[in-house]
> 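Just dropping this structure here.
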Amino acid sequence: MRVTEQQAEGYDFRAIQDRWLPVWEQLEPFAAGRSDDGRPKKYVLDMFPYPSGDLHMGHAEAFCFGDVLARYWRGRGYDVLHPIGWDSFGLPAENAAIKRGVDPREWTYANIAQQKASFRLYAPSFDWSRVLHTSDPEYYKWNQWLFLKMYEKGLAYRKASWVNWDPVDQTVLANEQVLADGTSERSGAVVVKKKLTQWYFRITDYADRLLDDLDQLEGKWPTKVLNMQRNWIGRSVGAEVEFEIEGRAEKVPVFTTRPDTLHGATFMVVAPDSDLAAELAASASAEVRMQFQAYLEEAQKQSEIDRQNADREKTGVFLDHFAINPVNGERIPVWAADYVLADYGHGAIMAVPAHDQRDLDFARKFDLPVRVVLEVRDAEGEIVADPAESGVAASGDGVLVNSGELDGLGKTDAIAKAIEVLEARGTGRGAKTYRLRDWLISRQRYWGTPIPILHGADGSMRPVEQSALPVELPASEGLDLKPKGASPLGAATEWATVVDPETGETLTRDPDTMDTFVDSSWYYFRFLSANDDTQAFDPAEAKKWAPVDQYVGGVEHAILHLLYSRFITKVLHDLGYIDFEEPFLDMLNQGMVLLDGAKMSKSKGNLVEFASELRDHGADALRVTLAFAGPPEDDIDWADVSVQGSAKFLARAWRIADDVQKSGSAAGASFDSGDTGLRRATHKLLADAPELVEAYKFNVVVARLMEQVNVTRKAIDAGAGAADAAVRESAEAIAMILSIFAPYAAEDMWAKLGHEPTVALAVWPQADPALLVEDEVTMVVQVDRKVRDRLTLPASVTEAEAETAALASPAVQRAIGDREIVNTVVRVPKIVSIVTKPAS
RNA sequence: CCCCCGAUAGCCCAACUGGCAGAGGCGACCGACUUAAAAUCGGUUCAGUCAGGGUUCGAAUCCCUGUCGGGGGACCA
């Protein structure tokens with residue numbers, strides 16, 4: 001009986017959740033962009049979720065941090081746009097459909113409904129009036145619009161090329177979806193190469209801008225992400241050199257970063273799977289043709305893993321052709337070898353074995369000449385051994401030799417000079433090349449945006465008219481969604497067949513769907529005009545809100561999603577829709593939630609269920625736990641944290657407001673002179689919290705709140721009592737700052753302090769500067785590095801006064817004794833450091 | 001092999017442009033309340049900052065070398 005009473009009186013998170021949720025839903029305090037809202041604008045965005053099942057702890061963490069920032073900016077007086085939507089196209093829906101025989105559409109929207117319900121209780125401050133789902137025709141219509149815009153500009157095109165093929169999911173993959181070990185990031189299958197005609201976005205046209213503009217994000221995006229993007233784009237600067245091939249009219253361009261070593265080129269290597277190799281082999285002897293055929297087949301069987309094994313033996317076939325080195329007219333043999341990649345540079349290289357390890361390995365294997373053109377010295381200043389003998393290529397810097405007009409120059413000068421010479425002779429030019437490839441966007445699967453292109457019987461293509469958008473996905477009923485290498489849409493005959501009303505010509509719809517990364521590459525614009533059916537987004541709204549001020553999401557999207565989004569933003573800029581070129585000004589990447597040091601997984605039995613945590617501890621305790629666990633970028637091990645500890649803290653905070661309410665004190669009472677200790681703490685907190693939040697030090701803010709709760713409790717117990725004005729002031733500051741982490745508890749505190757809902761719209765008060773200045777400081781006195789005394793001095797103390805005071809201290813005098821003072825350093829208001837030596 | 005990030009009490013983590021290593025929490029221990037336990041409340045305990053060297057009056061902080069851990073790239077011409 002008694003226990004129940006206590007519970008009824010105490011902090012009860014369930015009752016508080018039930019009390020405030022309906023109030024908030026009625027108030028809709030987070031609807032952004034109301035016409036009468038004059039507050040400055042902030043756009044805070046969380047990476048939108050994929051609806052596979054219910055929300056999990058990873059979502060809990062990411063959306064907690066995003067919400068902390070959104071709520072923080074409101075507390076600072078901003079009109080914050082904080083939208084939510086779902087990235088709801090994609091393979092998992094389709095795979096679930098195949099496995100369990102459910103409609104991908106039903107599966108997807110049922111999951112979305114479940115996630116929405118969970119979000120409702122978790123209470124991120126979303127503007128629910130702007131919800132979007134990328135699988136809605138109202139959304140993907142604009143995906144198609146974007147595709148057509150890009151098609152018009154020549155940025156969307158079709159080509160036949162060797163592509164990554166996932167044999168399990170039976171679809172092509174973008175380069176970015178293939179992991180370093182050559183497996184598919186989705187299915188885990190070893191990816192194989194297939195030659196197919198596919199749709200691409202010409203992202204390589206933007207490579208320089210995508211790379212150079214990263215400089216603007218320095219300090220605003222995590223260094224790690226900037227690094228990953230730079231690596232991924234992988235710009236190499238060098239020269240393009242044209243080699244004549246005997247018996248071939250057209251010259252062959254070759255890319256090199258070391259044009260200075262051109263005189264040392266003793267053979268040429270082309271990629272076996274390149275068109276050039278096939279062409280050269282075709283005009284070679286029957287024997288060479290056969291050898292080449294066998295080699296090509298062998299090379300193509302190699303998995304990506306094998307290919308990437310660096311200490312693999314070099315293999316290759318002589319193609320029975322010779323090239324002419326443009327700088328010295330030398331006749332050099334042309335080989336095909338799989339250490340040269342068809343889709344990097346021009347798929348052909350000049351081999352300089354003396355100064356490139358790969359070329360040297362190849363030359364030694366096949367007995368090709370090695371010519372030193374660069375004298376490289378080792379750390380001792382000795383010229384390094386002849387690579388032909390040592391087997392170690394002399395890469396690096398040195399002095400050019402055997403190189404005609406380049407002789408005597410260093411590497412950098414020689415490169416410049418070599419390019420100059422090539423350009424003067426018309427046989428080459430300075431050039432750049434990239435690791436980045438064009439973005440393959442077509443997929444042979446059902447659950448995605450149909451590509452709005454019609455194919456004529458003659459192979460011609462025409463874009464679907466703007467007015468005919470969206471090209472809606474046909475119902476999945478009756479379609480075989482099983483992966484079989486061709487898009488299921490092709491089998492929807494009725495859907496796929498279109499008769500041109502004017503010419504009567506029968507056209508076929510493109511059966512492929514778009515990569516879902518297309519959907520997510522521009523969704524942040526759609527939120528601005530989520531309900532506008534006349535345009536993808538309103539440029540005026542973009543002017544008002546965009547770019548995104550704060551983006552929050554997982555580092556797993558460091559390359560793919562962020563690179564594509566940056567690309568599309570630049571395209572939209574070039575199309576004249578927006579006036580900026582980077583979509584996300586600041587970014588926070590949250591870490592992962594682990595359990596016992598490992599990634600959580602249901603099958604391994606180490607799982608913390610979001611739903612059960614939410615049920616058992618409530619949204620506030622969960623959010624406080626996540627925010628308090630450590631720096632948001634770090635992984636959180638659930639074994640290291642205590643949700644009970646968070647709940648205890650919330651109860652303590654809540655009880656302060658409860659005590660204030662019960663004391664019957666009224667707002668606006670004047671402060672007592674004895675209150676300054678607590679008031680100083682409160683104002684220090686108000687002063688520090690903003691910079692801490694903006695530096696993403698959420699864990700420190702929570703710690704500071706705990707401290708404030710502790711000192712406030714002490715002030716109450718020590719005699720000030722809960723009715724004291726300084727206690728009320730502290731409780732209000734706690735409620736406001738706490739509201740960014742624990743909106744329910746803070747709202748209840750706010751009400752107990754006599755305010756109307758909602759605390760989420762309360763603007764944080766400015767700290768009173770008068771309360772921030774200390775009038776006394778504690779200065780440490782060190783003698784020979786050891787702390788000998790602590791002096792309490794007026795804050796206005798000068799260096800000389802501090803020194804005098806330090807020397808006057810008995811403890812300091814004792815420490816100095818009869819030693820001689822050789823140096824005294826005074827740093828007001830921190831320290832006096834005295835250095836001595838034995839008396840002479 | 002190359003590049004980036006990190007290492008502070010038993011554990012998770014703080015520590016401003018170099019200035020007393022400790023804000024906060026967890027755990028443990030002691031005490032209060034209780035018939036008892038849980039919960040709650042009060043208190044106590046605990047490292048010299050991964051190792052080695054350097055710069056400095058002074059280094060967790062800056063520099064160099066190494067160890068361990070995490071991430072990225074890598075036959076990319």
> Assuming nearest nucleotide by heavy-atom distance, tell me which of A:D356 and A:R704 is located more 5' along RNA chain B.
A:R704

> Could you identify the nucleotide paired to B:G31, looking across every strand shown and requiring Watson-Crick or G-U wobble geometry with both distances under 3.5 Å?
B:C41

> Can B:G6 be described as syn, meaning its chi torsion is within 90° of 0, or is it anti?
anti

> Using Watson-Crick or G-U wobble geometry with both distances under 3.5 Å, which nucleotide pairs with B:A14?
none

> Given the C1' atoms of B:C13 and B:C26, what is the spacing between them in whole Å?
11 Å

> What distance, rounded to whole Å, do you find between the two P atoms, one in B:G19 and one in B:C29?
37 Å

> Select from A:R827 and A:M228 the residue whose nearest nucleotide in RNA chain B is closer to the 5' end of that strand.
A:R827

> Look through every strand shown and name the nucleotide pairing with B:C50 as Watson-Crick or G-U wobble, where both distances are under 3.5 Å.
B:G66

> So what's B:C1 paired with, Watson-Crick or G-U wobble, going by both distances under 3.5 Å?
B:G73

> Do A:K314's NZ or CZ and the ring of A:F366 fall within the cation-pi criteria of under 6.0 Å and 45°?
no

> Between B:G25 and B:C46, how far apart are the two C1' atoms, rounded to whole Å?
15 Å

> Of all the heavy-atom pairs spanning A:V832 and A:A802, show the shortest one and how long it is.
CG2-O, 4.1 Å

> What interatomic distance, in whole Å, is found between P of B:G58 and the corresponding atom of B:A77?
47 Å

> Tell me what A:S642 touches on the nucleic acid: a base, only sugar-phosphate, or nothing, going by heavy atoms under 4.0 Å.
sugar-phosphate

> Is there a donor-acceptor pair closer than 3.5 Å between any side-chain N or O of A:T625 and the backbone N or O of A:S646?
no

> Could you state the atom-to-atom distance from CZ of A:R230 to C1' of B:G73 in whole Å?
14 Å

> Taking the same atom, C1', in B:A51 and in B:U67, what whole-Å distance lies between them?
7 Å

> Any carboxylate oxygen within less than 4.0 angstrom of a Lys/Arg side-chain nitrogen, looking at A:D215 and A:R230?
yes

> When you get a sec, tell me which of B:G19, B:A77, B:C57 is the closest nucleotide to the side chain of A:L341?
B:A77

> Just by distance, do the side chain of A:H355 and the backbone of A:V373 share a donor-acceptor pair under 3.5 Å?
yes

> Please state whether the rings of A:Y564 and A:W439 are parallel, tilted or perpendicular, taking 30° and 60° as the class boundaries.
parallel

> When rounded to the nearest Å, what value does the distance between P atoms of B:C12 and B:C4 take?
26 Å

> Could you check whether A:N710 gets within reach of a base, just the sugar-phosphate, or nothing at all, counting any heavy atom under 4.0 Å?
sugar-phosphate

> Could you tell me whether A:K220 atom NZ has more than 12 heavy atoms of other residues or ligands within 6.0 Å of it?
no

> Write down the partner of B:A59 under the Watson-Crick or G-U wobble criteria, each distance required to be under 3.5 Å.
none

> Please report, rounded to the nearest Å, how far the P atom of B:U56 is from the CD1 atom of A:I831.
18 Å

> Would you say a side-chain N or O of A:S236 is under 4.0 Å from OP1 or OP2 of B:A77?
yes

> I need the CZ-C1' distance between A:R652 and B:G42, as an integer number of Å.
10 Å

> Is the CG atom of A:D275 crowded by more than 12 outside heavy atoms at less than 6.0 Å?
no

> From C-beta outward on A:W232, which listed nucleotide comes closest to its side chain: B:G19, B:G73, B:A77?
B:G73

> What is the distance, to the nearest angstrom, from the CZ atom on A:F267 to the P atom on B:A77?
16 Å

> Using the C1' atoms only, state how far B:C62 lies from B:C16, rounded to an integer number of Å.
16 Å

> For the pair made of OH in A:Y434 and C1' in B:A77, what is the distance, rounded to whole Å?
16 Å

> With respect to A:L791, which candidate in A:V777, A:V812, A:V781 satisfies the side chain to side chain contact (heavy atoms under 4.5 Å, CB included) definition?
A:V781

> Less than 4.0 angstrom from a charged side-chain N to a carboxylate O is my criterion; do A:K684 and A:D688 meet it?
yes

> Take the protein atom CG of A:L626 and the nucleotide atom P of B:G25, then report the distance between them rounded to whole Å.
19 Å

> What's touching nucleotides 11-15 of chain B from the protein side, N or O pairs under 3.5 Å?
residue: B:C11; atom: O2'; partner: A:D640; partner atom: OD1; Å: 3.4
residue: B:C12; atom: O2'; partner: A:A629; partner atom: O; Å: 2.9
residue: B:C13; atom: O3'; partner: A:N699; partner atom: ND2; Å: 3.2
residue: B:A14; atom: OP1; partner: A:N699; partner atom: ND2; Å: 3.3
residue: B:A15; atom: OP1; partner: A:K697; partner atom: NZ; Å: 2.9

> Can you tell me how far C1' of B:A59 sits from CZ of A:R785, to the nearest Å?
8 Å

> Quick check, are the ring centers of A:F267 and A:F362 under 6.0 angstrom apart?
yes

> Run the salt-bridge test on A:E691 and A:K697 with the 4.0 Å N-O cut-off and return the result as yes or no.
no

> What is the distance, rounded to the nearest whole Å, between atom CZ of A:R258 and atom P of B:A77?
12 Å

> Can you tell me how far C1' in B:C64 sits from the matching atom in B:G24, rounded to whole Å?
35 Å

> Any protein N or O atoms within reach of nucleotides 3-5 of chain B? Criterion: under 3.5 Å, listing atom names and distances.
none

